[in-house]
Amino acid sequence: MAHAVRTVVFAIGNFAPLEVVRRLELGPRGARVAHFIISIYGGYFGGGIGFLMLAALTLYGMRDINAMNGLKMALVGVMTVTAMVAFIIADVVRWPQTLPMLISSVIGGYVAARIAQRIDQRLIKGFIVVFGAGLTVYFFWHGV
């Protein structure tokens, strides 16, 4: 169900007429509350956090997918570092598995950002909506 909500919010925020989108935008207080909740979810679980953040950023009034992705990655970085510190203090990190994933994530994030800047934003936004809808159908079908 959460996948459907994220996908619909992102689609409306990016493809609906501007008058409709302006009625849905969150004010500064609403944006902080929404992001606080997203950060708790992201720090603990992290799955689908990219879709959730992009959907929230559309409610904040953002439309430029490259700027949205940049801000999303910065915020995910802060959440990730905060969660990492908590897990390191709790001594539950499996370092042999963590280090290759860390290096791969940094390289993949950099390469993906460079490629995304060269692609038409409408294609990226359309892909996000189609992919989110596909995940929604998949998870609904499998009862997840």
Side-chain angles (χ1 to χ4, degrees), residues 1-16 21-144:
M1 181 65 168
H3 295 290
V5 172
R6 289 187 286 244
T7 303
V8 168
V9 169
F10 183 81
I12 289 171
N14 283 285
F15 296 109
V21 174
R22 285 199 176 126
R23 285 190 219 143
L24 298 174
E25 285 183 9
L26 298 174
R29 180 176 288 146
R32 285 192 296 271
V33 169
H35 220 72
F36 177 74
I37 293 167
I38 291 168
S39 296
I40 291 171
Y41 168 82
Y44 176 72
F45 180 65
I49 195 69
F51 283 122
L52 188 56
M53 287 188 136
L54 289 174
L57 291 173
T58 63
L59 292 176
Y60 305 160
M62 294 186 75
R63 299 294 172 264
D64 182 333
I65 194 69
N66 292 323
M68 291 165 66
N69 271 325
L71 181 55
K72 175 193 76 170
M73 293 310 296
L75 294 171
V76 167
V78 170
M79 278 191 302
T80 301
V81 168
T82 304
M84 284 173 43
V85 168
F87 292 136
I88 289 168
I89 290 171
D91 195 29
V92 293
V93 177
R94 295 183 179 180
W95 291 106
Q97 293 85 5
T98 301
L99 294 176
M101 288 176 26
L102 174 66
I103 293 166
S104 300
S105 295
V106 169
I107 293 169
Y110 179 78
V111 170
R114 301 286 291 175
I115 292 170
Q117 290 175 343
R118 297 184 181 132
I119 299 174
D120 183 355
Q121 289 191 19
R122 290 173 299 183
L123 290 174
I124 295 172
K125 291 176 180 180
F127 173 77
I128 291 169
V129 171
V130 169
F131 189 71
L135 283 175
T136 299
V137 170
Y138 175 83
F139 288 136
F140 179 77
W141 187 261
H142 291 283
V144 177

Asker: Can you sort out the partners of Asp91 under salt bridge (Lys or Arg N to Asp or Glu O under 4.0 Å), two or more places apart, ordered by chain and number?
Answerer: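 In terms of salt bridge (Lys or Arg N to Asp or Glu O under 4.0 Å), with neighbours along the sequence ignored, Asp91 is linked to no residue.
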Asker: Among residues at least two apart in sequence or on other chains, which ones pass side-chain hydrogen bond (donor to acceptor under 3.5 Å, both in side chains) with Gln121?
Answerer: Asp64
Asker: Once salt bridge (charged side-chain N to carboxylate O under 4.0 Å, His left out) is applied, what residue pairs with a partner in residues 105-120 remain, sequence neighbours excluded?
Answerer: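 For residues 105-120, and leaving out neighbouring residues, the salt bridge (charged side-chain N to carboxylate O under 4.0 Å, His left out) pairs sorted by first residue read Asp120-Arg122.
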Asker: What pairs of residues pass the side chain to side chain donor-acceptor pair (under 3.5 Å) test when at least one of them lies in residues 28-37, not counting sequence neighbours?
Answerer: His35-Tyr60
Asker: Quick one: does Ile49's side chain get under 4.5 Å of Met79's, heavy atoms only?
Answerer: yes
Asker: Evaluate Trp141 against Thr136 for side-chain contact (heavy atoms from CB on, under 4.5 Å), listing each step before the verdict.
Answerer: CA-CA 8 Å; Trp141 187 261; Thr136 299; over 6 Å; no
Asker: In a table with atom names and distances, give each donor-acceptor pair under 3.5 Å that connects a side chain of residues 96-110 to protein atoms at least two apart or in another chain.
Answerer:
residue, atom, partner, partner atom, Å
Thr98, OG1, Arg94, O, 2.8
Ser104, OG, Pro100, O, 2.8
Ser105, OG, Met101, O, 2.8

Asker: What is the ring orientation for His142 with Tyr138, classed by angle as parallel under 30°, tilted 30 to 60°, or perpendicular over 60°?
Answerer: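 The rings of His142 and Tyr138 sit tilted, inter-plane angle from 30° to 60°.
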Asker: Kindly compute the distance separating CD1 (Ile119) from CD1 (Ile124), expressed to the nearest 0.5 Å.
Answerer: 5.0 Å
Asker: What donor-acceptor contacts under 3.5 angstrom involve side-chain atoms of residues 65-73, with partners at least two apart or in another chain?
Answerer:
residue, atom, partner, partner atom, Å
Asn69, OD1, Lys72, NZ, 3.2
Asn69, ND2, Ile65, O, 3.4

